[in-house]
Every structure is written in structure tokens, then in C-alpha cells.
Amino acid sequence: MNLSQVKPLHADYLRSLTDDTGIFQHTKFGVPDRTHGYTSDDNGRALIAAVLLHRNHPGEDWLRLAGTYLSFIHHAQNEDGSFRNFMDYNRSFAEAVGSEDCLGRCVWALGFTLSEPTVPDNMQNTCRFMIDRALPRIAELRSPRAIAYALVGLAYMLETKGSLRYAFPYDYMDKSEKARSFLPHWEIRDLIEQMADRLLTQFEQYSTVDWQWFEDSVTYGNAMLPWALLKAARLSGRADLRYTAKSSLAFLTSHTFSKEGYFKPVGSHGWLVRGETAAPYDEQPIEACETLLALHEAYDMLGTSSYLDQARLCLDWFHGRNSAGLSLIDPQTGGCYDGIHASGLNLNQGSENIVSYCIAHSVIHRA
């Protein structure tokens with residue numbers, strides 16, 4: 001029996017890391033570390049987690065938490081559509097513009113929130129407004145992972161009927177809002193195809209028979225790349241996108257599942273460089289989460305049961321079916337440890353990790 005079939009989710013630790021500003025970036029063991037403040041990256045991912053928890057457990061006040069995270073992202077967006085990322089504990093941003101990856105992650109969170117029908121209209125309208133304002137910046141993205149994050153968010157929008165239209169009455173909108181009252185469906189679809197083509201070109205530039213990947217190394221956020229192509233292929237019906245998504249996902253899983261059958265992500269201390277051996281550590285929870293999401297999409301789209309089996313193994317990684325044989329979930333707090341070192345667990349319990357676990361668990365155990 002899979003461990004993921006028997007482990008309940010205790011998500012209250014997510015609340016303990018969140019104040020009225022947003023979710024804290026780091027902890028000292030399990031106590032929020034205010035010296036590192038907040039990030040839009042973490043609040044975006046936390047928004048996805050809170051929306052999933054609200055969907056699966058309505059009436060447990062997860063929507064209020066989602067509102068806090070959405071408010072943070074709204075405050076982080078510049079008028080030109082870009083996003084700031086790092087905020088200190090005094091609520092001052094440390095930069096004028098964050099990275100491309102930050103923008104991509106925010107769009108992913110906004111697009112997913114917009115796609116969830118249990119989210120109230122007022123929150124969805126905020127998401128629409130922010131994505132609309134970000135469209136020019138999205139079109140400028142060149143980082144492969146930033147493209148992938150943003151593509152997934154835009155694809156969620158188009159997969160949901162009516163998601164492009166504001167829900168409040170037209171007469172109550174000011175002139176600037178009326179000009180944006182309908183997000184251009186065709187423009188977003190064209191943008192998704194353009195972004196998918198950039199990923200496809202990147203893949204064709206680096207891939208060989210033995211190296212079916214988008215770069216000369218496998219580093220972080222890896223599963224987002226095939227996941228984005230799966231999303232684009234679902235919308236467009238294009239066989240080339242579907243084939244590349246399947247090939248790159250198969251390549252990734254061939255390097256991230258052990259011979260013993262458990263998930264083992266590429267280590268962050270050295271990564272996997274073409275022609276070399278993958279770094280064994282540190283193993284990070286975000287890789288288990290995002291690989292699960294890509295595999296779950298592949299199962300939903302292609303219907304092959306092995307994808308779902310592997311997705312469940314990604315959740316089992318959190319519960320102890322991993323290289324250390326140790327659970328990453330703190331039985332006392334419900335928090336998630338920061339990863340697996342060569343010497344064992346990293347006992348800090350930052351926000352990225354509990355958010356990754358909540359997302360992974362909520363997707364596998366959808367109510």
C-alpha cells in the first residue's frame with residue numbers, strides 16, 4: 001500500500017507561519033525567522049496551497065488565508081506589470097523588480113486561483129486584473145522556467161469557462177477597468193503557443209538521443225518544463241508539443257526515481273550536468289511537489305496509470321519512502337522539514353516546504 005493512501009494532512013502549521021502581511025520565508029527549526037521576511041515566490045505558492053485546501057476542506061477558513069497571500073502579491077506588483085519579490089519584516093521591498101522566475105510563479109498562482117470555481121468573484125477579479133496588467137511582461141520572458149511557470153498559469157485560465165471576464169457589473173467599472181473588462185482570449189492563446197514554441201526551440205537546441213532535456217544541466221524546478229508543454233499541448237492539440245512533453249518527462253523521471261522504486265530528486269549541491277553523475281543531496285520538497293504535478297497532469301491527459309503511480313511515489317517521499325528512510329513531516333507540528341542532507345534531515349521547516357507538501361497532498365487526495 002502506498003504511504004500516501006494512509007497519511008492524513010495536518011495543515012495548521014501553514015497558519016503558524018502566516019501573519020497579517022503574508023507567509024514568512026524561513027524558520028529557525030519551526031519558529032518563523034523574521035530576519036528573512038517574506039517573498040512573493042512563497043506567497044504565490046502559498047496562495048495555490050490555500051486555494052486547494054479551501055476546495056478540499058470548505059468551511060475551515062482557508063479562504064481568509066488565501067486572501068492574505070493574494071493581497072501580498074497584489075502589493076508586490078508594479079504598475080508596469082512586473083513583480084517585486086523580497087520584502088523585509090518592516091514591509092519594505094528590497095528591489096524594484098524581481099526575477100523572471102518570480103513573475104512566472106506569481107502568474108501561475110493567479111491563473112490557478114482564477115480557475116478554481118469555489119473562489120469568490122472579488123478575488124478572481126483581482127487575479128484577472130493582475131494578470132492583464134502583467135501580460136506585456138509575460139511576453140518578454142526568456143528564462144525557460146519563468147516561461148513554464150507563467151504558461152501553466154495562463155493555461156489554467158483558458159481551461160476554465162468564463163475565466164476571462166470580470167464578474168462585477170460593467171456600469172460599476174471606471175474607464176481603465178472597462179478597457180480591461182475582457183481579457184483577450186485569442187491573445188492569451190497565441191501567447192501560450194509562442195511561449196511553448198520557445199520551450200520547444202530550447203529543447204531542440206540541447207537535446208540528443210541520450211539527453212532529452214532543455215539545457216546542459218538538470219537543476220531546479222525541472223518538472224515545470226514538461227508540465228508546461230503538456231498544458232500547451234492540451235490546449236492546442238499539437239502533436240509536437242505532446243511528444244516533447246512526454247520525452248522530457250520520461251528523461252526526468254529516469255533520473256529521479258531510484259532502482260528501488262522511490263523518488264529521489266536531483267541534489268541541489270551540484271545538480272545533474274550532462275555527462276556527469278547527479279548530485280545526491282540536498283533533496284528538496286519543492287521538486288517532489290512539482291514532479292507530482294507534472295505526472296498528475298500527464299495521467300489526467302494521457303490516461304496512463306504509471307504516471308499516477310509515480311505521482312503517488314512523489315507524495316510518499318514526504319512520508320519516508322525516500323533515500324533516508326525518514327519522514328519529512330514533523331509529527332508534533334505538522335511542518336515539513338527543509339530537505340534531506342547526506343547526514344539526514346534539515347530540521348528547519350520553512351514555508352516553501354510545508355506549501356509544497358500541502359499542494360502535493362491536496363492534489364492526490366482531492367475531495
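Between the side chains of Ser217 and Glu215, no donor N or O sits under 3.5 Å from an acceptor N or O. A donor-acceptor pair shorter than 3.5 Å cannot be found between the side chains of Asp210 and Thr208.
Checked against a 6.0 Å centroid threshold, the rings of His10 and Tyr357 do not count as neighbours. Ring pair Phe93/His75: centre-to-centre distance below 6.0 Å.
Formation of a donor-acceptor pair under 3.5 Å by the Ser248 side chain with backbone atoms of Ala245 is found in this model. At distances below 3.5 Å, not a single donor-acceptor pair connects side-chain atoms of Ser71 with backbone N or O atoms of Gly67. Between the side chain of Glu100 and the backbone N or O of Ser143, at least one donor-acceptor pair lies under 3.5 Å. Arg198 places a side-chain N or O within 3.5 Å of a backbone atom of Leu141 that can act as its donor or acceptor partner. Under a 3.5 Å cut-off, the side chain of His54 and the backbone N or O of Thr118 do form a donor-acceptor pair. The main-chain N or O of Tyr13 is found under 3.5 Å from a side-chain atom of Ser16 such that the two form a donor-acceptor pair.
When Phe203, Phe214, Phe251 are each tested for a side chain to side chain contact (heavy atoms under 4.5 Å, CB included) with Pro226, only one passes: Phe214. For the side chain to side chain contact (heavy atoms under 4.5 Å, CB included) test with Met130, the passing option among Ile73, Leu114, Val107 is Ile73; the others fail.
Tyr337 pairs by the side chain to side chain donor-acceptor pair (under 3.5 Å) definition with nothing, not counting sequence neighbours.
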>> With side chain to side chain contact (heavy atoms under 4.5 Å, CB included) as the criterion, how do Gln124 and Thr113 come out once you've worked through the C-alpha distance, each side chain's angles and the decisive distance to 0.1 Å?
In response: CA-CA 7 Å; Gln124 293 198 342; Thr113 303; 5.6 Å; no
>> Quick one, Val355 with Ile23, criterion side chain to side chain contact (heavy atoms under 4.5 Å, CB included). Give me CA distance, side-chain angles, the key distance, then yes/no.
In response: CA-CA 10 Å; Val355 165; Ile23 192 167; 4.1 Å; yes
> Under the side chain to side chain contact (heavy atoms under 4.5 Å, CB included) criterion, do Met195 and Ile138 qualify, and how do the steps go?
Replying inline: CA-CA 9 Å; Met195 295 164 75; Ile138 297 171; 3.8 Å; yes
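Counting only heavy atoms from C-beta outward, the side chains of Leu328 and Asn322 approach each other to under 4.5 Å. Counting heavy atoms from C-beta on, the side chains of Leu110 and Met157 never come closer than 4.5 Å. Within the 4.5 Å cutoff, no side-chain heavy atoms of Phe86 are placed close to those of Tyr38.
Within 6.0 Å of atom NZ in Lys264, more than 12 heavy atoms from other residues, nucleotides or ligands are found, so the atom counts as buried in its surroundings. Counting heavy atoms of neighbouring residues, nucleotides and ligands inside a 6.0 Å radius, atom CZ of Arg238 exceeds 12 of them. Within 6.0 Å of OH in Tyr299 there are 12 or fewer heavy atoms belonging to other residues, nucleotides or ligands. With a 6.0 Å radius and a threshold of 12 heavy atoms from other residues, nucleotides or ligands, Gln332 has its CD atom at or below the threshold.
Note: Phe72 CZ to Asn43 CG = 4.5 Å, rounded to the nearest 0.5 Å. From Trp108, atom CH2 reaches atom CD of Glu290 across 5.0 Å, with rounding to the nearest 0.5 Å. Ile286 CD1 to Tyr220 OH: the interatomic distance, rounded to the nearest 0.5 Å, is 10.0 Å. Rounded to the nearest 0.5 Å, atoms SG (Cys127) and CG (Asn125) are 9.0 Å apart. Note that OG1 of Thr126 is 10.5 Å distant from CG of Asp121, once rounded to the nearest 0.5 Å. Remark: Leu313 CG to Thr253 OG1 distance equals 11.0 Å, nearest 0.5 Å.
Pairing each heavy atom of Leu103 with each of Gly81, the nearest pair is CD1-O, 4.1 Å. Nearest heavy atoms, Glu287 versus Thr219: OE2-O, 4.4 Å. Here the closest heavy-atom approach between residue Ile329 and residue Gly334 is recorded as CG2-O, 4.1 Å. Heavy atoms only, all atoms of each residue included: Tyr69 and Thr18 are closest at OH-OG1, 2.6 Å. When every heavy atom of Ala288 is checked against every heavy atom of Cys314, the shortest pair comes out as O-CB, 3.5 Å. Minimum heavy-atom separation, Asp80 to Arg137: O-NH1, 2.6 Å.
The hydrophobic clustering, which links ILVMFWY residues whose side-chain heavy atoms are closer than 4.5 Å, places Ile354 and Val31 apart.
The aromatic rings of Phe112 and Tyr156 lie perpendicular to each other, with more than 60° between the two planes, well past the 30° mark.
Salt bridge present: Glu297 and Lys231 bring a charged side-chain N and a carboxylate O closer than 4.0 Å. Salt-bridge formation is detected for the pair Arg274/Asp216: a Lys NZ or Arg NE/NH1/NH2 atom is positioned less than 4.0 Å from an Asp or Glu carboxylate oxygen. A salt bridge is absent between Arg145 and Asp101: the closest approach of a Lys/Arg side-chain nitrogen to an acidic carboxylate oxygen does not fall below 4.0 angstrom.
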Would you mind writing out the side-chain donor-acceptor pairs for residues 343-351 within the sub-3.5 Å range, not counting sequence neighbours?
{"from": "Asn346", "atom 1": "OD1", "to": "Asn348", "atom 2": "N", "distance (Å)": "3.1"}
{"from": "Asn346", "atom 1": "OD1", "to": "Asn348", "atom 2": "ND2", "distance (Å)": "3.4"}
{"from": "Asn348", "atom 1": "OD1", "to": "Phe29", "atom 2": "N", "distance (Å)": "2.7"}
{"from": "Gln349", "atom 1": "OE1", "to": "Thr333", "atom 2": "OG1", "distance (Å)": "3.2"}
{"from": "Gln349", "atom 1": "NE2", "to": "Asp330", "atom 2": "OD2", "distance (Å)": "2.9"}
{"from": "Ser351", "atom 1": "OG", "to": "Phe24", "atom 2": "O", "distance (Å)": "2.9"}
{"from": "Ser351", "atom 1": "OG", "to": "Gln25", "atom 2": "O", "distance (Å)": "3.2"}
{"from": "Ser351", "atom 1": "OG", "to": "Asp42", "atom 2": "OD2", "distance (Å)": "3.4"}

